[in-house]
Structures are given as structure tokens and as C-alpha cells.
Amino acid sequence: MSARDPIADLRRIAFLLERANEATYRVRAFRSAATALAGLPAAELAERAANGTLTELAGVGDVTARCVAESLAGEEPVYLRRLVATEGSDLDAEAAALRTALRGDCHTHSDWSDGGSPIEEMALAAVELGHEYLVLTDHSPRLTVARGLTAERLRRQLDHVAQVNAALPEGFRILTGIEVDILADGSLDQDDDLLARLDVVVGSVHSGLKDERAKMTRRMLTAVANPHLDILGHCTGRMVSSRPAGVTGPGDRGHRARTRAESDFDADAVFAACAEHDTAVEINSRPERQDPPKRLIRRALEAGCDFAINTDAHAPGQLDWQRFGCERAVRCGVPVDRVVNTWPVERLLTWAADRS
Ligand SMILES: [Zn+2]
Ligand SMILES: [Zn+2]
């Protein structure tokens with residue numbers, strides 16, 4: 001009998017690869033193998049590992065088969081051991097305390113839009129990270145390149161989330177949400193009745209990022225004043241190319257960030273409006289975004305804004321990127337109680353509901 005669970009080892013490898021921002025195809029090999037093997041009776045799994053026929057199964061290759069064999073033999077797979085050995089550096093005490101205080105993540109994507117994994121897998125990874133909740137925020141209709149959800153598909157997703165929630169461990173739940181596009185005139189790209197029904201609404205600019213200053217400011221002010229909008233997502237739209245400290249990995253593949261300048265808008269006016277309307281400013285943790293930049297986090301703090309430290313994860317392993325947002329928040333002196341995802345979930349829900 002093996003003391004290890006080979007499926008869990010495959011998922012752990014996928015998680016660590018995602019966290020290290022490795023290329024999607026490398027991660028997919030481990031996730032597909034885990035899915036293919038999860039349905040197999042234990043006896044057949046052992047037999048196939050013993051006689052070398054695991055690779056006859058669709059989705060299982062040489063590398064994943066070797067991991068399974070090692071795992072069944074009771075050893076930590078070599079591939080996993082190597083990844084664990086190159087894990088990211090530790091956070092300093094203050095950033096670690098903020099990370100520990102976070103109860104959930106308010107900005108995540110699934111394969112319903114442009115994420116790489118099913119809702120269930122995102123949720124299970126969030127459970128393992130110790131989260132109490134995960135807000136699922138797939139894209140809105142106008143963002144067709146990201147397979148944005150029509151009103152019809154979003155309604156179906158809400159039914160699906162209710163089913164998934166019923167099967168998840170007690171003490172954890174998926175909250176409903178959306179990353180809704182802020183359109184050219186500042187309106188939000190989804191039906192009002194649906195926005196009202198969702199637990200948390202993140203609103204982001206994804207188009208016309210080069211709008212001239214006055215137009216972009218008007219656009220954002222209109223969105224921030226919309227009572228449905230709870231969190232202003234990655235407000236400058238910038239893309240930085242540097243690989244931040246703590247992201248380790250064998251190569252730069254899968255990290256093809258193009259750089260993009262910040263959108264031009266009157267940040268003081270927008271942050272003042274966020275404070276007035278009780279709209280939280282997102283600190284987006286994605287390594288290629290790091291949005292807003294620290295000088296703007298400081299200005300939002302001075303303006304009296306609350307924050308949400310989110311990963312904008314498109315894969316389970318990326319859910320661990322909150323550490324990067326925590327580091328930046330701490331550098332800017334953001335107090336724990338100004339971060340909405342440190343609040344008890346009921347307080348978060350009341351805050352979001354009161355706004356709409
Ligand atoms: Zn976005
Ligand atoms: Zn997003």
C-alpha cells in the first residue's frame with residue numbers, strides 16, 4: 001500500500017507550475033493526467049503502473065506516468081521534489097501577516113471565460129490555501145476574446161455555482177461575481193438585474209485604454225458612481241515586463257508580458273470618488289500587472305479608499321499570487337482593516353449589497 005496519493009501529487013505539481021508562471025501546456029499535462037486517472041479504480045491504477053501501461057490512457061504521458069509510479073511506490077515524485085526545492089522566497093513578517101489576514105480572493109476566472117480550469121478546481125485550490133471563499137468573476141459579453149459570458153450564460157453559471165457549492169467542504173463557498181467591462185461611456189457591460197443579483201462586482205477597463213485623460217476620467221467616474229460596482233479592477237491597465245522577486249521557475253516561458261503604459265486619468269478625482277461611493281480599489285497581484293503602481297496605492301490610501309488584494313487568477317496555482325499584492329500593500333502602509341478581503345465574509349457581503 002502506498003502512503004501517497006498520486007492524483008494529489010499530480011495536482012500539486014500543476015499548482016506549483018502555475019504559481020511559478022510556467023507555460024500553460026506544461027501545466028495542462030499534469031492537470032489532464034490527474035483528471036484522466038481520478039476516475040480509475042485504485043487496483044487498475046496500481047496494475048497499470050506496475051506493467052507500464054499508464055501511457056495507453058488518453059492524457060497520460062511518460063513524465064506523468066513516472067510521477068504516478070514514484071508516488072505509488074511511496075516516494076515523493078522527483079519532479080515534485082525539484083519544484084518544492086525552488087519555491088518562492090518567504091514574505092517578510094508584515095506582508096505575511098497581511099496575507100494570513102486575507103480570507104478570500106475577489107477576482108478569479110474559470111474556463112467559462114478565459115481561465116484554464118473548471119470552477120471546481122479553482123475552488124479546491126482556494127480551500128487548500130485556507131480561503132473561506134472565492135469570488136468567481138468571469139468576463140462580461142463585450143470581451144469576446146476572453147469568451148465573456150452573455151446574460152444567458154451567466155445565469156447558467158449561477159445555477160452551476162449553486163450546485164458546486166453544495167458539494168464543497170463546509171466553511172468554504174464560492175461567491176458569485178463578474179469582472180464587468182467598463183464601456184466607453186462608463187456604463188457596465190451586463191444587465192442591471194444580474195449585476196444586482198451577484199455577490200461582488202469587479203469593474204475594469206479593457207478597451208480604449210489610450211482614451212485621452214478627460215474622457216478616461218469621466219468614464220471611470222461614471223463607473224465608480226454606479227452602485228453595482230464594488231471594486232475597481234486594475235485601474236491603470238499597465239503591463240510591466242519585469243519578473244518580480246519571489247517568482248521562480250526554470251525559464252521565462254509562459255511569462256510573455258508585453259509592456260503597456262498606464263492609462264491617463266485624474267487619479268485624485270477617481271480615488272476621491274471611490275472613497276465617496278465606498279468603492280474599493282483593487283491591488284492586482286498578477287506579476288505582469290502590479291496594478292496600481294505603488295505611488296497610486298499611496299494616493300488612494302490618502303484619499304480614504306478601501307482596497308481589495310486580488311490575484312486575478314486564471315489557473316489554480318495563480319491563486320497563491322496574493323503574496324505579491326500583500327508585499328506591495330505593506331510597502332505603501334495599507335492597514336489590514338482597509339482591505340475588504342480581510343473582513344468576515346458576512347461583512348464583505350453586506351458592504352457589497354449595501355452598495356447596490
Ligand atoms: Zn481584467
Ligand atoms: Zn480578470
Side-chain angles (χ1 to χ4, degrees), residues 18 21 24 104-119 122-123 125-126 133-149 153-154 157 174-184 186-190 195 198-211 216 219-220 223-224 226 228-240 255-263 265 270 279-293 296 307-322 324-325 340-341:
E18 286 160 353
N21 215 355
T24 314
D105 197 326
C106 298
H107 183 169
T108 68
H109 299 273
S110 74
D111 60 4
W112 282 62
S113 65
D114 61 347
S117 289
I119 297 168
M122 294 296 286
Y133 64 86
L134 181 77
V135 187
L136 177 64
T137 56
D138 277 315
H139 288 287
S140 66
R142 224 58 90 81
L143 205 62
T144 49
V145 290
R147 298 181 59 238
L149 273 61
R153 284 183 70 218
L154 179 54
Q157 186 182 65
I174 301 167
L175 302 180
T176 60
I178 186 172
E179 182 183 13
V180 67
D181 263 47
I182 296 174
L183 299 174
S187 62
L188 304 180
D189 180 30
Q190 190 48 277
L195 293 175
L198 298 168
D199 292 322
V200 176
V201 173
V202 177
S204 311
V205 172
H206 290 120
S207 60
L209 288 154
K210 290 184 178 151
D211 276 1
M216 182 61 94
R219 189 178 171 187
M220 292 173 79
V224 164
N226 188 315
H228 293 308
L229 195 134
D230 303 313
I231 299 170
L232 177 63
H234 52 69
C235 65
T236 78
R238 76 168 182 173
M239 290 283 184
V240 294
H255 189 81
R256 302 208 180 282
R258 311 136 286 158
T259 61
R260 185 164 63 209
E262 295 169 27
S263 291
F265 60 94
V270 169
T279 307
V281 174
E282 175 180 78
I283 296 178
N284 189 296
S285 305
R286 293 192 65 82
E288 81 278 19
R289 285 196 182 273
Q290 302 179 42
D291 195 7
L296 290 185
F307 298 89
I309 300 178
N310 295 333
T311 61
D312 196 356
H314 286 66
Q318 297 177 1
L319 289 169
D320 210 15
W321 286 354
Q322 268 179 330
F324 304 134
V340 299
N341 38 349

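Whatever order the structure lists them in is the order used to number ligands and atoms, beginning at 1. Computation of the quantities below employed the complete heavy-atom set of this structure, encompassing side-chain atoms and omitting hydrogens, waters and symmetry-equivalent molecules.
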Point-to-point distance, once rounded to the nearest 0.5 Å, from NE2 of His109 to CG of Asp138: 6.5 Å

Approximate separation, where rounding is to 0.5 Å, of Leu198 CG and Ile178 CD1: 6.0 Å

The Zn ion (ligand 1) neighbourhood, protein N/O/S only, threshold under 2.8 Å: Glu179 OE2, His206 NE2, His234 NE2

Option passing side chain to side chain contact (heavy atoms under 4.5 Å, CB included) with His234 (candidates Gln290, Arg289, Arg286): Arg289

Shortest non-hydrogen contact between Glu282 and Pro292, atoms and distance: O-CD, 3.0 Å

Gly104 versus Asn341, closest heavy-atom pair with distance: O-ND2, 3.1 Å

Ionic contact status for Asp181 with Arg142, cut-off 4.0 Å: no

